[in-house]
Amino acid sequence: MRFSRLVQLDEVCRTLTEAAEYIHSSGNSELCQDLIQSGAQMFGQIETILRQAQPDWKNTTPMDLLEQVQTQWRLPLPDDVAERLEHLRRSMRDDISVQVRAVFFAELGGKWDSMDSVYQTMRQDPRFDPMVVLTPIFRAREIDGKTEVELIYEDYLTGMGIPFQNYWEYNPEQDCPELAFTCQPYESVTTPEFWAENIAKYTRLVYLPYFIPHMMYSDSRVTLCNMPIHTYAWRIAGSSPRFANYFARYNQRHGENLMVTGIPKMDYAVHLKQNPCGIPQAWQPKVEGRTVILWNTWFDGNASSLDLLDQMLPWFAAHQEYALIWRPHPMSEAVMKLHEPEQYRKLERMMDTVRTGSNLVLDTEPEYGPSFVCSHGQVSDFSSMMIQYLLLDKPLLWVQIPGKTLAVKTSEEQMVSNHWMEQATDCEGIIAFLERVRRGEDPNRAIRAEVRAQYLPLADGNAAERICNHLWEALFEECL
């Protein structure tokens, strides 16, 4: 039985209890008779819903209690009717299997890991009935006074074995989900029906952030605490107790809707560490027997390490003892095509080079698991993938672009210290890191362990389970 049906039954029982208390205290016989007649109709509603839910009965106790109290619902009303109604309420909660309908609004494949572990946990949990709706995003820019819009809508879910509905097929007002999940905080890239404000009109919105709070920037108080989604979300997944303190300090609602559960985006990386996945067959001749380096670049070509990677491609071609896996940010092509045409042409040229290289791999897989598993070290510029890679306990080099890298705060507000990362600003520093990785040198191993323990105590692979339990308990506490 749907949870909303249980809430409906509970409300009817409460109304009947109030009617019984009034009848016992009132001397207005005419009004009492009207309440008896109205109450009989309410009992009929309860009976209809219970019979419809018969496949979900654990036993016949709710129907037995209903029949007992129905026979007593007449004047003079017995003194224990209110008590019997309370027993009925409790029995319907305890003796009927209830499911919470949850819809996941999924967009770009690169963000699905923000919600996947919660979805997969709910698929295996009889308390929940999850479904996925694939939604679009768009990018717009002004060209000669005209607005050019590119819609991005790709099915990456079928290949992962995840059934879904297209966004134009889904009607939330008909489905009436008890919960809706999103990982998208930016209204500027999605259509109005998927804005937090509008989702929250018909259900309880749960926000599972697609980026991991780690380095703090000048705009972090807004992006992490005071976007519209932070106001309209019924619950928000928080990455750590440290983040919870920060959120409560700067959020307009003082953090009252934050769950300190860890975020699902970390679950996948932890599970990869415990149970490594396989790699695509096409990669194997390019990576086997080599020192494999994963390099991921940000979508902003002007502030990413794209130029350095371009300079390093000939080096990798000349050093066949290494293999390079390049995983561009999933929004790279869309953003550069619209906003950075020169960088876009460079991106296309580099992709062509990597596709044909004997020891080069262009990672376009929907999940980053294969590149995480088979790589021996990572080079990155600005990405939450750095924190996910931390959980695999492998060396990582943070490439800072002089004059372009965003200014990082150095205060105590850092969500995850960055001193565990090796750092470089040029090709010489990058090559030195690659050579250390090949020699098996890992000077920051002990530091990584300290950072994980201090800053990421909830990154244990169980965030989804904690979130599901919290939401279930919160629904019952709020509604019943």
Side-chain angles (χ1 to χ4, degrees), residues 99-125 128-139 150-172 174-175 177-186 189-191 193-196 199 203 205-211 237 263-272 275 277-283 296 299 327-334 362-373 384-385 388 461 463-464 467-468 471:
Q99 278 195 322
V100 170
R101 178 69 155 178
V103 59
F104 291 77
F105 292 123
E107 44 177 59
L108 286 178
K111 297 178 183 176
W112 176 246
D113 66 336
S114 308
M115 302 192 288
D116 182 63
S117 64
V118 175
Y119 172 73
Q120 299 295 351
T121 299
M122 286 188 170
R123 287 181 78 174
Q124 303 300 320
D125 191 329
F128 296 95
D129 176 26
M131 68 169 298
V132 178
V133 174
L134 187 59
T135 64
I137 68 169
F138 62 86
R139 292 280 176 174
E150 180 176 10
L151 188 71
I152 303 170
Y153 186 72
E154 300 174 352
D155 172 18
Y156 59 90
L157 295 167
T158 298
M160 299 169 66
I162 298 175
F164 69 92
Q165 281 192 18
N166 295 297
Y167 68 97
W168 62 83
E169 299 171 326
Y170 181 70
N171 187 328
Q174 290 181 359
D175 188 41
E178 282 87 16
L179 298 172
F181 293 88
T182 184
C183 66
Q184 175 58 267
Y186 300 111
V189 299
T190 190
T191 52
E193 61 263 40
F194 300 112
W195 291 356
I199 296 174
T203 189
L205 176 62
V206 182
Y207 174 42
L208 306 176
Y210 80 82
F211 46 79
I263 56 178
K265 194 175 185 74
M266 305 294 269
D267 287 346
Y268 181 57
V270 174
H271 297 158
L272 280 177
N275 300 292
C277 66
I279 66 172
Q281 187 173 359
W283 292 15
N296 71 290
F299 61 77
R327 186 177 178 89
H329 189 285
M331 286 299 298
S332 297
E333 291 184 85
L362 181 63
D363 182 4
T364 58
E365 295 294 309
E367 296 180 308
Y368 59 78
S371 60
F372 269 39
V373 167
S384 58
M385 283 181 65
Q388 291 165 297
I467 288 169
C468 290
L471 296 176

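Everything quoted here is computed from the prediction, not taken from an experiment.
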> Can you tell me how far OH of Tyr156 sits from CD1 of Ile162, rounded to the nearest 0.5 angstrom?
Replying inline: 7.5 Å
>> Please evaluate residues Ser114 and Ile263 with respect to the criterion side chain to side chain contact (heavy atoms under 4.5 Å, CB included), reporting the C-alpha separation (whole Å), side-chain torsions for both, the decisive distance (0.1 Å), and the verdict.
In response: CA-CA 8 Å; Ser114 308; Ile263 56 178; over 6 Å; no
>> For Glu178, give me all partners under salt bridge (charged side-chain N to carboxylate O under 4.0 Å, His left out), at least two apart in sequence or on another chain.
In response: Arg2
>> If I compare all heavy atoms of His271 with all of Gly461, which pair ends up nearest, and what's the gap?
In response: NE2-O, 3.0 Å
> In Å and rounded to the nearest 0.5 Å, what is the CH2 to CG distance from Trp283 to Asp363?
Replying inline: 3.5 Å
>> Can you list everything that forms a side chain to side chain contact (heavy atoms under 4.5 Å, CB included) with Asn171? Sequence neighbours excluded, please.
In response: Glu173, Gln174
> With sequence neighbours left out, what residues match Asp267 under side chain to side chain donor-acceptor pair (under 3.5 Å)?
Replying inline: Ser117
> Who pairs with Asp113 by salt bridge (charged side-chain N to carboxylate O under 4.0 Å, His left out), at least two apart in sequence or on another chain?
Replying inline: Lys265
> What residues form a ring-ring contact (aromatic ring centres under 6.0 Å, His included) with Tyr210, not counting sequence neighbours?
Replying inline: none
> With sequence neighbours excluded, what pairs up with Glu193 under the side chain to side chain donor-acceptor pair (under 3.5 Å) test?
Replying inline: Thr191
>> Can you confirm whether more than 12 heavy atoms, excluding those of Gln281, are under 6.0 Å from its CD atom?
In response: no
> With Tyr153, which residues qualify under ring-ring contact (aromatic ring centres under 6.0 Å, His included), at least two apart?
Replying inline: Tyr167, Trp168
>> Could you work out, with ring-ring contact (aromatic ring centres under 6.0 Å, His included) as the rule, every residue matching Tyr170, not counting sequence neighbours?
In response: none
> Is any side-chain heavy atom of Leu471 closer than 4.5 Å to a side-chain heavy atom of Phe181?
Replying inline: yes
> Can you name the nearest heavy-atom pair linking Cys468 to Met122, along with the distance?
Replying inline: SG-CG, 3.7 Å
> Within the side chain of Thr182, is there an N or O that forms a donor-acceptor pair under 3.5 Å with the backbone of Tyr207?
Replying inline: no
>> Would you say that Asp175 contacts Met131 through its side chain, given a criterion of any heavy-atom pair below 4.5 Å between the two side chains?
In response: yes
>> Just so I know, are the side chains of Asp155 and Phe164 near enough to count as touching, which here means a heavy-atom distance under 4.5 Å?
In response: yes
> Are Cys277 and Pro370 side-chain neighbours, meaning at least one heavy-atom pair lies under 4.5 Å?
Replying inline: yes
> What closest approach, in Å, do Arg123 and Gly161 show between heavy atoms, and which atom pair accounts for it?
Replying inline: NH1-O, 3.8 Å
>> Just verifying a value: how many Å separate Ile467 CD1 and Leu208 CG, rounded to the nearest 0.5 Å?
In response: 5.5 Å
> Closest approach of Cys183 and Lys111, non-hydrogen atoms and distance?
Replying inline: SG-CB, 3.8 Å
> Does the Glu365 side chain pair with the main chain of Glu367, one donor and one acceptor, at a distance under 3.5 Å?
Replying inline: no
> Say you draw a straight line from CG of Leu134 to CD of Glu154; how long is it, rounded to the nearest 0.5 Å?
Replying inline: 9.5 Å
> Do the non-hydrogen side-chain atoms of Pro130 and Leu179 ever get within less than 4.5 Å of each other?
Replying inline: no
> Do the side chains of Pro264 and Tyr119 get nearer than 4.5 Å, heavy atoms only?
Replying inline: no
> With sequence neighbours excluded, what pairs up with Phe105 under the ring-ring contact (aromatic ring centres under 6.0 Å, His included) test?
Replying inline: Phe194
>> Can you list everything that forms a side chain to side chain donor-acceptor pair (under 3.5 Å) with Tyr368? Sequence neighbours excluded, please.
In response: Gln388
> Which pair of non-hydrogen atoms, one from Pro172 and one from Pro177, has the smallest distance, and what is that distance?
Replying inline: O-CD, 3.6 Å
> With Asp129, which residues qualify under side chain to side chain donor-acceptor pair (under 3.5 Å), at least two apart?
Replying inline: Arg101
>> I'd like to check the side chain to side chain contact (heavy atoms under 4.5 Å, CB included) partners of Asp125; sequence neighbours left out, ordered by chain and number.
In response: Arg127, Phe128
